[in-house]
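Order of the sequence lines fixes the chain letters, A, B, ..., with proteins taken first and strands second; residue numbering starts at 1 for each chain.
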There are 2 protein chains.
Amino acid sequence: MNLKAERGAATRDRVLAIATRLFADRGYDDTSIETVLQESGLSRGALYHHYAGKEALFAAVLEATERSIGAQIVEAVRGIDDPIETLRAGTLAWIRLAGDPVIKRIVLLDAPAVLGWERWRAMEERYSFGMLKAALQATGAIPAQFLDLHAHMLLAAVNESALLVARGGDHRTAEAAVEEFLRRLLNG
Amino acid sequence: MNLKAERGAATRDRVLAIATRLFADRGYDDTSIETVLQESGLSRGALYHHYAGKEALFAAVLEATERSIGAQIVEAVRGIDDPIETLRAGTLAWIRLAGDPVIKRIVLLDAPAVLGWERWRAMEERYSFGMLKAALQATGAIPAQFLDLHAHMLLAAVNESALLVARGGDHRTAEAAVEEFLRRLLNG
DNA sequence: CGCGATTACAGACCAACTGTCGGTATAGCA
DNA sequence: TGCTATACCGACAGTTGGTCTGTAATCGCG
């Protein structure tokens with residue numbers, strides 16, 4: 001179990017990279033399996049051997065993207081001790097990442113519609129949302145009964161400002177607005 | 001120009017109602033024009049005469065839904081003078097409305113992905129977002145430079161809590177959380 | 001080594017779907 | 001009374017996602 005497994009993994013990675021680019025450029029609906037096949041030089045049978053279908057392929061793309069985001073955010077807050085400072089640094093890092101059209105389109109726009117809100121949330125829970133909730137709890141500023149809901153709302157708010165930046169808004173203003181937003185929430 | 005125009009309008013309305021139900025039940029992707037045709041008894045040519053395509057049909061459904069939401073929110077805040085009270089009543093009304101699976105699926109989940117974020121935003125601007133921004137401004141609690149961004153973030157946060165309720169969360173807790181969220185934001 | 005099992009991959013094929021197009025009928029209007 | 005615009009029809013084409021049978025090569029085991 002070596003040569004075969006490696007070849008399989010390599011193929012999956014290649015397809016994943018190509019699919020990521022296509023999904024980000026054209027969106028889920030306007031990306032056809034046919035195109036993925038052409039660009040990867042793979043056959044239909046091969047692709048369906050590795051991925052159960054278009055939706056599963058998208059889910060794999062999303063998972064890989066989320067994982068990468070998570071790693072970059074962890075990196076951004078490394079070495080910061082103060083919880084509030086961690087929260088701020090993390091959210092700002094996330095906003096900057098979400099400026100990337102790939103992330104915008106795949107994670108924020110298509111994912112909820114394609115996978116359904118439930119599965120999308122479940123994945124976010126394992127990545128960005130989970131981190132944000134922990135950081136928010138660490139600040140101690142939010143009563144326990146509201147923690148989960150406020151974490152959800154805060155993440156949605158931050159995502160929204162990320163989308164605004166991606167649309168072409170000024171990212172300095174957006175970052176200032178997010179900091180102000182955070183300040184108000186934590187002071188309450 | 002009377003009998004003909006009436007017939008046309010009636011047909012459009014009938015299709016719109018059927019499409020709304022189907023889009024809400026199955027989502028955009030899993031709703032086929034074919035099904036709309038069958039359920040409405042209309043022919044392909046007729047449908048494409050009234051609506052340019054599937055996306056245009058969805059846009060029409062969305063527009064009608066947004067209009068209805070707007071009217072209901074206006075109704076909910078009628079007679080309230082205090083700006084902060086207006087804002088609270090409006091957001092709570094919106095949360096309750098968004099509990100409706102039709103609204104959840106069409107307006108919050110599929111619309112951004114189907115129409116693209118830009119066109120979705122443009123439509124929200126004319127309805128819920130426009131109203132929320134005005135209400136927020138009236139409270140005078142948010143500095144002008146952050147007004148637009150904070151209105152966006154607040155709406156996103158409120159939408160998120162509406163989605164959580166729709167998933168099956170306790171709506172009392174959610175409403176309390178939203179009120180607390182608002183209080184913190186406005187006090188800042 | 002040898003042989004069955006598993007895995008990677010190929011490509012023909014199918015059912016379903018969206019959108020087009022030429023055509024018909026009828027209401028409104030000059 | 002004819003001309004135009006509108007409502008509606010249904011066959012058709014092109015594309016799409018997914019299935020299925022088949023092939024080759026590698027792996028694991030006796």
TODO: Return no unless some side-chain N or O of B:Ser32 is found under 4.0 Å from OP1 or OP2 of C:dA16.
DONE: no
- [ ] To the nearest Å, give me how far apart CZ (B:Phe58) and C1' (C:dG19) are.
- [x] 19 Å
Open item on the list: Of the listed nucleotides (D:dC8, C:dT18, C:dA8), which one gets closest to any side-chain atom of B:Ser43?
Closed with: D:dC8
TODO: Under 4.0 Å between any heavy atoms, over every strand shown, what does A:Ser40 touch: base, sugar-phosphate, or nothing? Just pick one.
DONE: nothing
Task: Separation of C:dC17 P from A:Lys54 NZ (nearest whole Å) - done: 15 Å
Task: Interatomic distance, A:Leu57 atom CG to A:Thr31 atom OG1 [nearest 0.5 angstrom] - done: 9.5 Å
TODO: Would you mind reading off the distance between B:Leu47 atom CG and C:dC17 atom C1', rounded to a whole angstrom?
DONE: 14 Å
- [ ] Quickly work out the B:Tyr48 OH to C:dG23 C1' distance and round it to whole Å.
- [x] 19 Å
Task: Carboxylate-amine/guanidinium contact B:Glu175 B:Arg96, below 4.0 Å - done: yes
Task: Candidates C:dT18, D:dG17, D:dC8 - which lies nearest the side chain of A:Ile33 - done: D:dG17
- [ ] Compare the minimum distances between each of C:dA8, C:dG19, D:dG18 and the side chain of A:Arg44, then state the nucleotide with the smallest one.
- [x] D:dG18
- [ ] Flag the pair A:Arg184 and A:Glu180 as a salt bridge only when some basic side-chain nitrogen lies within less than 4.0 angstrom of an acidic carboxylate oxygen.
- [x] yes
TODO: Write down the distance between CD (A:Glu6) and C1' (C:dT7), rounded to a whole number of angstrom.
DONE: 15 Å
Open item on the list: From C-beta outward on B:His50, which listed nucleotide comes closest to its side chain: C:dC9, D:dA7, D:dG17?
Closed with: D:dA7
Open item on the list: Can you tell me if A:His49 touches the phosphate of C:dA8, counting only side-chain N or O atoms and a distance under 4.0 Å to OP1 or OP2?
Closed with: yes
TODO: Check the distance between C:dA16's C1' and B:Asp30's CG and give it to me in whole angstrom.
DONE: 13 Å
- [ ] Look at the side chain of A:Arg7 and decide which nucleotide, out of D:dG17, D:dC8, C:dA8, has an atom nearest to it.
- [x] C:dA8
Open item on the list: At 4.0 Å (heavy atoms only), tell me whether B:Thr35 reaches a base, stays on the sugar-phosphate, or touches nothing.
Closed with: nothing
Open item on the list: What contact category does A:Leu42 fall into here, base, sugar-phosphate, or nothing, at under 4.0 angstrom with non-hydrogen atoms?
Closed with: sugar-phosphate
TODO: Report yes or no: do B:Val114 and A:Leu115 belong to one cluster of Ile/Leu/Val/Met/Phe/Trp/Tyr joined by side chain heavy-atom distances under 4.5 Å?
DONE: yes
Open item on the list: If you count heavy atoms of other groups shown closer than 6.0 angstrom to CZ of A:Arg14, is the number above 12?
Closed with: yes
TODO: Provide, to the nearest angstrom, the distance between the OH atom belonging to B:Tyr51 and the P atom belonging to D:dC8.
DONE: 11 Å
TODO: Under 4.0 Å between any heavy atoms, over every strand shown, what does B:Glu34 touch: base, sugar-phosphate, or nothing? Just pick one.
DONE: base
- [ ] Select base, sugar-phosphate, or nothing to describe what A:Gly45 touches, counting heavy atoms under 4.0 Å on all strands.
- [x] base
